[in-house]
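Chain A is the first sequence line, chain B the second, and so forth, proteins listed ahead of strands; every chain is numbered from 1. Keep in mind that what you see is a predicted model, and the values were worked out from it rather than measured.
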There are 2 protein chains.
Amino acid sequence: MAIKDKKLKMMTLDQLKDRDIGEVGTPERDQYEFELKMEVLGNMIKSVRKERHLTQEQLGQLIGVQKSQISKLERNTKNVTIETILKVFNALKANVKFSVQLDQSDLNIA
Amino acid sequence: MAIKDKKLKMMTLDQLKDRDIGEVGTPERDQYEFELKMEVLGNMIKSVRKERHLTQEQLGQLIGVQKSQISKLERNTKNVTIETILKVFNALKANVKFSVQLDQSDLNIA
DNA sequence: TAAAAAGTTGATTTATATGGAAACTATTTG
DNA sequence: CAAATAGTTTCCATATAAATCAACTTTTTA
């Protein structure tokens, strides 16, 4: 039987990442994972802003910055301070939760 | 009856904060809430480090900084970048979860 | 399909987070 | 209690996040 002989190769997404980007813990992989998170963060600002039916200019006015700054936070996001994140999501009336998971227990900030 | 006449005054912690620090949305209150969060973050680094039985020096070596830098993150914390937070908790093998709560739905980063 | 509105990008400035070095103050331990 | 270890603080340099302005591109709408 074909299916028996074929020795199907299956891979999880993590296995693919390990192979193509690098193992967890290597600088390349850490870099990748970080950039991914920053991208998600940027997209999140954008989607919440849209949810609130605000333009970048309007959101900028709420926190006292130019629309170009908002654009950068949504797209160019390399690294951000917590303060900036909180300022933005505060203005968007969204609640930011930040938690640290340590084996069993969950410690919560904010 | 004493208890009936006395008109007991009760206050929630939030009411106290509103009165003594300022209403939510005022610069004073926002500042206060932010500093509180930073303090909690610092304490969290410290407690997770202790959990792992590491000295500041050892944690520093894991991420390539001096012990004084760790001390600052644990105590003097005014503001931090996401990158720094992730670097530290990564080294402590703790999982950082960051989520944005928008009315009903929860959007998750990381 | 123009004009207006919204969003992006690049060059630049300013503010500040990150970091080291060293001297100091606890805290621990033999 | 003295020495060693751990943690803090101050002064300082450097890297970079935050922000503006202006010119540009993309999208929307009258």
Side-chain angles (χ1 to χ4, degrees), chain A residues 27 30-92 94 96 98 100 109-110, chain B residues 27 30-92 94 96 98 100 109-110:
Chain A
D30 288 353
Q31 172 90 352
Y32 169 83
E33 296 290 348
F34 178 67
E35 281 169 6
L36 194 62
K37 281 170 191 170
M38 287 305 95
E39 204 176 313
V40 172
L41 175 63
N43 291 339
M44 198 166 313
I45 295 174
K46 182 169 186 170
S47 75
V48 177
R49 174 175 63 79
K50 293 275 185 193
E51 196 89 20
R52 301 307 195 202
H53 303 292
L54 294 170
T55 65
Q56 293 183 340
E57 184 142 45
Q58 289 170 323
L59 175 55
Q61 279 164 347
L62 285 177
I63 59 180
V65 301
Q66 296 299 117
K67 62 180 179 171
S68 60
Q69 181 61 8
I70 304 296
S71 174
K72 282 168 192 168
L73 292 173
E74 287 180 0
R75 313 191 86 255
N76 284 8
T77 336
K78 306 173 277 282
N79 192 7
V80 223
T81 62
I82 298 235
E83 192 172 31
T84 300
I85 295 176
L86 292 175
K87 236 193 306 184
V88 170
F89 285 112
N90 251 339
L92 291 170
V96 176
F98 181 78
V100 176
I109 305 177
Chain B
D30 288 354
Q31 172 90 354
Y32 170 83
E33 296 290 349
F34 177 67
E35 281 168 7
L36 194 62
K37 280 170 191 171
M38 288 303 95
E39 205 176 312
V40 172
L41 176 63
N43 291 338
M44 198 167 312
I45 295 174
K46 181 169 186 171
S47 75
V48 177
R49 174 174 64 79
K50 294 274 186 194
E51 195 90 19
R52 300 309 194 199
H53 303 291
L54 294 170
T55 65
Q56 293 183 340
E57 185 142 45
Q58 291 170 323
L59 175 55
Q61 278 164 348
L62 286 176
I63 58 180
V65 300
Q66 296 300 114
K67 62 181 179 167
S68 61
Q69 182 60 11
I70 303 297
S71 174
K72 283 169 195 169
L73 292 173
E74 288 181 1
R75 314 191 85 256
N76 283 9
T77 336
K78 305 173 276 283
N79 193 8
V80 226
T81 62
I82 298 235
E83 192 172 30
T84 299
I85 296 177
L86 292 176
K87 236 193 307 182
V88 170
F89 285 111
N90 251 339
L92 291 170
V96 175
F98 181 77
V100 176
I109 305 177

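- Nearest approach of A:V48 to A:A94, heavy atoms of both residues: CG1-CB, 4.3 Å.
- Separating the CG atom of A:N79 from the P atom of D:dT16 is a distance of 10 Å, rounded to the nearest angstrom.
- Listed by residue number, B:G64, B:V65, B:Q66, B:S68 are the residues of residues 57-68 of chain B with a heavy-atom contact under 4.0 Å to DNA chain C.
- Computed from coordinates, the B:I45 CD1 to D:dG7 P distance equals 14 Å when rounded to whole Å.
- You'll find a donor-acceptor pair under 3.5 Å spanning the side chain of B:K72 and the base of C:dG20, going by distance alone.
- Here D:dT20 presents its P atom at 11 Å from CG of A:L73, a figure rounded to the nearest Å.
- For the pair B:T77 and B:G42, the tightest heavy-atom approach, listed with the atom from each and the gap, is OG1-CA, 4.1 Å.
- Of the side-chain N and O atoms in B:Q69, none sit less than 4.0 angstrom from OP1 or OP2 of C:dG20.
- Atom CD of A:Q66 and atom CD of A:Q56 lie 12.0 Å apart (nearest 0.5 Å).
- Between the CZ atom of B:F34 and the P atom of C:dT16 there is a distance of 12 Å, rounded to whole Å.
- Summarising the geometry, the separation between CE on B:M38 and P on C:dT18 is reported as 10 Å, rounded to the nearest angstrom.
- Close to C:dT9, at under 4.0 Å from its OP1 or OP2, lies a side-chain N or O of A:R75.
- Atom CD1 of B:I70 is separated from atom C1' of D:dA6 by 13 Å (rounded to the nearest Å).
- Between the NE2 atom of B:H53 and the P atom of D:dA6 there is a distance of 14 Å, given to the nearest Å.
- Between B:V96 and B:L86 the shortest heavy-atom distance is CB-CD2, 3.9 Å.
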Extract from the structure each pairing of a protein N or O with an N or O of nucleotides 2-5 of chain D at less than 3.5 Å, listing the distance.
none

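- For A:K46, no side-chain nitrogen or oxygen approaches OP1 or OP2 of C:dA6 to under 4.0 Å.
- The line from CD1 of B:I63 to CG of B:N90 is 10.0 Å long, rounded to the nearest 0.5 Å.
- The backbone N or O of B:Y32 sits nowhere less than 3.5 Å from a side-chain atom of B:E35 that would complete a donor-acceptor pair.
- Atoms CG and CD1, from B:L59 and B:I45 in turn, are 8.0 Å apart once rounded to the nearest 0.5 Å.
- The shortest distance between the side-chain N/O atoms of B:T84 and the OP1/OP2 oxygens of C:dT18 is below 4.0 Å.
- Partner of A:E74 under the salt bridge (Lys or Arg N to Asp or Glu O under 4.0 Å) criterion, chosen from A:K67, A:R49, A:K50: A:R49.
- Between the side chains of A:Q61 and A:E57, no donor-acceptor pair of N or O atoms lies under 3.5 Å.
- At C:dG7, one or more side-chain N or O atoms of A:R49 fall inside 4.0 Å of OP1 or OP2 (strictly under the cut-off).
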Set out, in order, the CA-CA distance, both residues' side-chain angles and the distance that settles side chain to side chain contact (heavy atoms under 4.5 Å, CB included) for A:L73 and A:V88, then state yes or no. CA-CA 9 Å; A:L73 292 173; A:V88 170; 3.9 Å; yes
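- Taken to the nearest 0.5 Å, the CG atom of B:L41 stands 6.0 Å off from the CZ atom of A:F98.
- A donor-acceptor contact closer than 3.5 angstrom is absent between the side chains of A:S71 and A:S68.
- Contacts of B:S71 with the nucleic acid, taken as non-hydrogen atoms under 4.0 Å apart, include base atoms.
- Across the protein-nucleic acid pair, A:K87 atom NZ and D:dA17 atom P stand 15 Å apart, rounded to whole Å.
- Over its full length, the helix from C:dT1-D:dA30 to C:dG30-D:dC1 turns its helical axis through 50°, comparing axes from the five pairs at each end and rounding to 10°.
- Residue order along DNA chain D, read from the 5' end via each residue's closest nucleotide, puts B:E74 first among B:E74 and B:E83.
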